[in-house]
Asks: 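Please read through the structure below; I'll follow up with questions.
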Amino acid sequence: MVRIEGLTLREISMTLKEPFQISSGTTTQRRILLVEIEDADGVRAWGECTAGEIPNYGPETIDTAWLAIRDWVAPRVLGHTWDGPEEIQPALEVNFRGHNMAKAAVEMAAWALAAEIEGVSLSKKLGGTRDRIRVGISLGIQKSPAALVEKARAALDRGYRKVKIKIKPGSDIEYVSAVRAALGPDAPLMADANNAYTLETADRLEELDELGLIMIEQPLAWDDLVRHAELQKRLLTPICLDESITSVDRAEDMIALGAGKIVNIKPGRVGGFLQSIAIHDVCAAHGIPVWCGGMLESGIGRAYNVALASLPNFTIPGDVSPSERYWDEDIVTPEWTMDREGWIEVPVERPGLGVEVDVDQIEELTVRREIIRLQ
Ligand code: OSB
Ligand code: MG
């Protein structure tokens with residue numbers, strides 16, 4: 001049983017070690033929305049909303065999510081007794097469209113709270129079967145192909161098991177082919193376009209077909225499936241969908257239309273863990289591999305991604321890089337670490353998130369806070 005009595009929203013400000021550029025914008029300073037929920041016995045769980053600073057990935061931002069949680073999510077969730085966290089997402093869907101990242105922040109925290117109460121790891125609570133996960137790195141657009149080659153080489157040397165290269169028209173073939181030439185035919189490479197192409201400009205992607213990429217992620221519009229199906233017919237390289245998959249229904253549509261062959265699951269984007277598990281299961285039933293994406297999360301959001309990536313059909317290394325990739329100092333102890341072979345351990349022996357949240361440090365980074373309680 002889960003009964004949430006109080007919810008605190010907080011915005012913290014964290015500086016990335018290096019700016020991260022995708023086709024639609026650059027992030028240097030992360031504004032991160034954290035939620036903290038508490039039940040009647042004083043058990044608490046921290047969660048993270050994966051919305052960004054501006055609506056260049058999906059329609060939400062941390063400011064829209066703040067409003068949505070305060071005005072619409074919290075009133076539906078607070079003070080209600082749920083048999084389990086799996087009841088929350090369906091209740092949040094009734095006459096309440098969109099705002100998946102806002103809904104997910106609270107829904108996922110409820111899963112962590114339930115795990116904490118039951119004394120099991122979040123991984124176990126979700127049905128995870130792995131005690132370590134293999135991870136990759138997502139490299140932002142660099143100033144030159146040579147600069148990208150250096151980053152990619154360093155990443156493989158460090159142990160990352162997949163290198164994702166952000167692309168856009170003009171920073172694509174030259175960049176990816178330089179990395180392929182430098183690192184050899186077996187280097188596990190992929191590209192992510194974040195919607196930068198159209199069917200009209202997609203001939204450039206046909207050229208990428210020759211470079212042996214594991215997949216091309218989300219080349220076309222953020223809400224498109226039909227044109228991706230067209231494009232997949234023209235490409236040998238599997239298309240992986242990220243932005244377009246916002247629910248299990250959209251994953252089923254992708255499969256029915258042939259719009260992609262791999263799914264990047266980001267639990268925030270799909271409204272939380274119930275939908276993430278459903279997408280995982282549907283994909284498994286159709287032989288579609290999945291992997292866990294990232295949204296430049298703090299160590300708190302990362303705990304959720306690590307737990308999700310421990311499910312059996314997460315067979316491709318995810319964008320769940322260790323803390324050192326993003327931050328000089330993360331807000332959890334221990335920080336998320338990766339060994340030389342690209343493994344991150346899943347804290348299966350520890351209840352809940354499996355890491356300590358550094359509340360003092362969060363206090364120092366806090367920019368605003370709002371406490372929401374039942375009236
Ligand atoms: O498309 O996967 C993406 C970051 C922000 C917005 C969109 C994306 C990304 C990443 C970062 O690729 C992955 C990470 O968190 O390391
Ligand atoms: Mg992506």
Side-chain angles (χ1 to χ4, degrees), residues 14 16-33 48-62 65 100-101 133-142 148 151-152 155 158 160-168 189-197 213-224 228 238-246 250 254 260 262-270 290-306 308-309 316-327 330 336 338 342 344:
M14 289 179 82
L16 286 168
K17 273 188 174 174
E18 54 184 52
F20 187 74
Q21 187 186 350
I22 68 175
S23 63
S24 56
T26 304
T27 309
T28 309
Q29 191 70 23
R30 286 284 353 256
R31 295 175 60 205
I32 296 177
L33 170 53
E48 178 167 340
C49 178
T50 60
E53 296 74 21
I54 54 168
N56 64 326
Y57 167 78
E60 296 178 86
T61 71
I62 78 153
N100 282 1
M101 291 175 173
I133 57 166
R134 264 212 158 118
V135 302
I137 191 169
S138 173
L139 295 176
I141 297 170
Q142 304 293 317
L148 177 65
K151 295 259 178 205
R158 173 65 183 83
Y160 287 102
R161 288 289 160 156
K162 180 177 94 208
V163 174
K164 168 163 130 179
I165 299 167
K166 291 289 188 179
I167 57 167
K168 63 175 182 182
L189 305 179
M190 62 167 291
D192 184 0
N194 292 103
N195 328 320
Y197 297 83
L213 299 179
I214 310 168
M215 69 192 97
I216 298 177
E217 184 176 343
Q218 197 70 36
L220 307 179
W222 65 282
D223 55 353
D224 178 79
H228 278 109
I239 290 177
C240 167
L241 293 182
D242 172 356
E243 285 90 328
S244 292
I245 306 300
T246 50
R250 293 295 84 75
M254 180 201 89
I262 300 173
V263 177
N264 166 339
I265 302 183
K266 293 178 181 170
R269 191 192 68 225
V270 303
V290 303
W291 53 282
C292 185
M295 291 296 287
L296 310 173
E297 288 92 344
S298 78
I300 294 176
R302 205 156 297 284
Y304 288 88
N305 289 343
V306 168
L308 182 64
I316 297 174
D319 287 347
V320 189
S321 305
S323 302
E324 63 167 34
R325 153 86 182 118
Y326 310 90
W327 320 111
D330 205 340
W336 294 102
M338 178 184 78
I344 287 185

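Each residue takes its place number in the sequence, starting with 1. It should be emphasised that the depicted structure is a prediction, and the values quoted were computed from it without experimental measurement. Just follow the structure's listing: the first ligand is 1, and inside any ligand the first atom is 1.
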Asks: Do me a favour and list the nearest non-hydrogen protein atom to atom 12 (O) of ligand 1 with residue, atom name and distance?
Replies: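 Sorting protein heavy atoms by distance from atom 12 (O) of ligand 1 puts Ser138 OG, 2.9 Å first.
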Asks: Residues two or more places apart in sequence or in another chain: which of them pass side-chain contact (heavy atoms from CB on, under 4.5 Å) with Pro19?
Replies: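 In terms of side-chain contact (heavy atoms from CB on, under 4.5 Å), with neighbours along the sequence ignored, Pro19 is linked to Thr26, Thr28.
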Asks: Counting heavy atoms only, which part of Asn194 comes closer than 4.0 Å to ligand 1: side chain, backbone, both or neither?
Replies: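 Just the side chain.
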Asks: Is there at least one pair of N or O atoms, one from Asp242 and one from ligand 1, spaced under 3.5 Å apart?
Replies: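 The answer is yes, given that Asp242 and ligand 1 share an N or O pair closer than 3.5 Å.
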Asks: Which is closest to atom 2 (O) of ligand 1 by heavy-atom distance: Arg325, Met295, Lys266, Arg302?
Replies: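 Checking each option, the heavy atom nearest atom 2 (O) of ligand 1 is found in Lys266.
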Asks: Could you check whether any heavy atom of Gln218 sits closer than 4.0 Å to an atom of ligand 1, since that is the contact criterion I want to use?
Replies: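 Not so, Gln218 does not reach ligand 1.
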Asks: Does Glu18 come within less than 4.0 Å of Arg325, counting only side-chain N to carboxylate O?
Replies: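 Salt bridge flag = yes for Arg325 with Glu18.
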Asks: For the 3.5 Å polar cut-off, considering only N or O atoms, please tell me whether Tyr57 and ligand 1 meet it.
Replies: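 It does not: no N or O of Tyr57 is found under 3.5 Å from an N or O of ligand 1.
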Asks: Give the numbers and elements of all ligand 1 atoms closer than 4.0 Å to a heavy atom of Glu217.
Replies: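 Here the atoms of ligand 1 in question are 2 (O).
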Asks: Check each heavy atom of Ile137 against ligand 1 and say whether those closer than 4.0 Å belong to the side chain, the backbone, both or neither.
Replies: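 It is neither part, as no heavy atom is under 4.0 Å.
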Asks: From Ile32 CD1 over to Cys49 SG, what is the distance, rounded to the nearest 0.5 angstrom?
Replies: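 Those atoms lie 10.5 Å apart.
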Asks: At what distance, to the nearest 0.5 angstrom, does CD1 of Ile265 lie from CH2 of Trp291?
Replies: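 These two atoms lie 11.0 Å from each other.
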Asks: Are any non-hydrogen side-chain atoms of Leu241 and Gln218 less than 4.5 angstrom apart?
Replies: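 In short, these two side chains touch, coming nearer than 4.5 Å.
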Asks: Sort by chain and number the protein N/O/S atoms that are closer than 2.8 Å to the Mg ion (ligand 2), and list them.
Replies: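 Short answer, with waters excluded from the count: Asp192 OD2, Glu217 OE2, Asp242 OD2.
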Asks: Does the distance from a Lys or Arg side-chain N to an Asp or Glu carboxylate O, for Asp242 and Arg269, drop under 4.0 Å?
Replies: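 A salt bridge links Asp242 with Arg269.
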Asks: Atom 14 (C) of ligand 1: which protein heavy atom is closest, and how many Å away?
Replies: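 Ranking protein heavy atoms by distance from atom 14 (C) of ligand 1, first comes Tyr326 OH, 3.4 Å.
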Asks: So for ligand 1, is Ile22 a polar contact partner (N or O within less than 3.5 Å, distance only)?
Replies: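 So ligand 1 has no N or O lying under 3.5 Å from an N or O of Ile22.
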Asks: Any donor-acceptor pair under 3.5 Å linking the side chain of Gln142 with the backbone of Leu148?
Replies: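 The answer is no, because no donor-acceptor pair under 3.5 Å joins these two groups.
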Asks: Measuring from Ile133:CD1 to Met338:CE, what's the distance to the nearest 0.5 Å?
Replies: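 Nearest 0.5 Å value for the CD1-CE distance: 11.0 Å.
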Asks: As an exercise, state the distance from CE of Met215 to CG of Asp192, rounded to the nearest 0.5 Å.
Replies: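 Separation between the atoms: 10.0 Å.
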Asks: Would you compute the distance between atom CG of Leu296 and atom CZ of Arg302 and round it to the nearest 0.5 angstrom?
Replies: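 CZ of Arg302 is found 8.0 Å from CG of Leu296.
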Asks: What protein heavy atom lies closest to atom 13 (C) of ligand 1? Include the residue and the distance to one decimal.
Replies: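 Looking at atom 13 (C) of ligand 1, the protein heavy atom closest to it is Gly294 O, 3.6 Å.
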Asks: Which residue holds the protein heavy atom closest to atom 15 (O) of ligand 1, what is that atom called, and what is the gap in Å?
Replies: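 For atom 15 (O) of ligand 1, the nearest protein heavy atom is Leu296 N, 2.9 Å.
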Asks: Can you find a heavy atom in the side chain of Pro219 that is under 4.5 Å from one in the side chain of Ile239?
Replies: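 Yes - at least one pair of side-chain heavy atoms lies under 4.5 Å apart.
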Asks: Starting from atom 4 (C) of ligand 1, which protein heavy atom do you reach first, and at what distance in Å?
Replies: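 Here the nearest protein heavy atom works out to Phe20 CE2, 3.6 Å.
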Asks: What I want to check is whether the side chains of Glu297 and Thr50 have a donor and an acceptor closer together than 3.5 Å.
Replies: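 Note: Glu297 and Thr50 side chains miss the donor-acceptor criterion.
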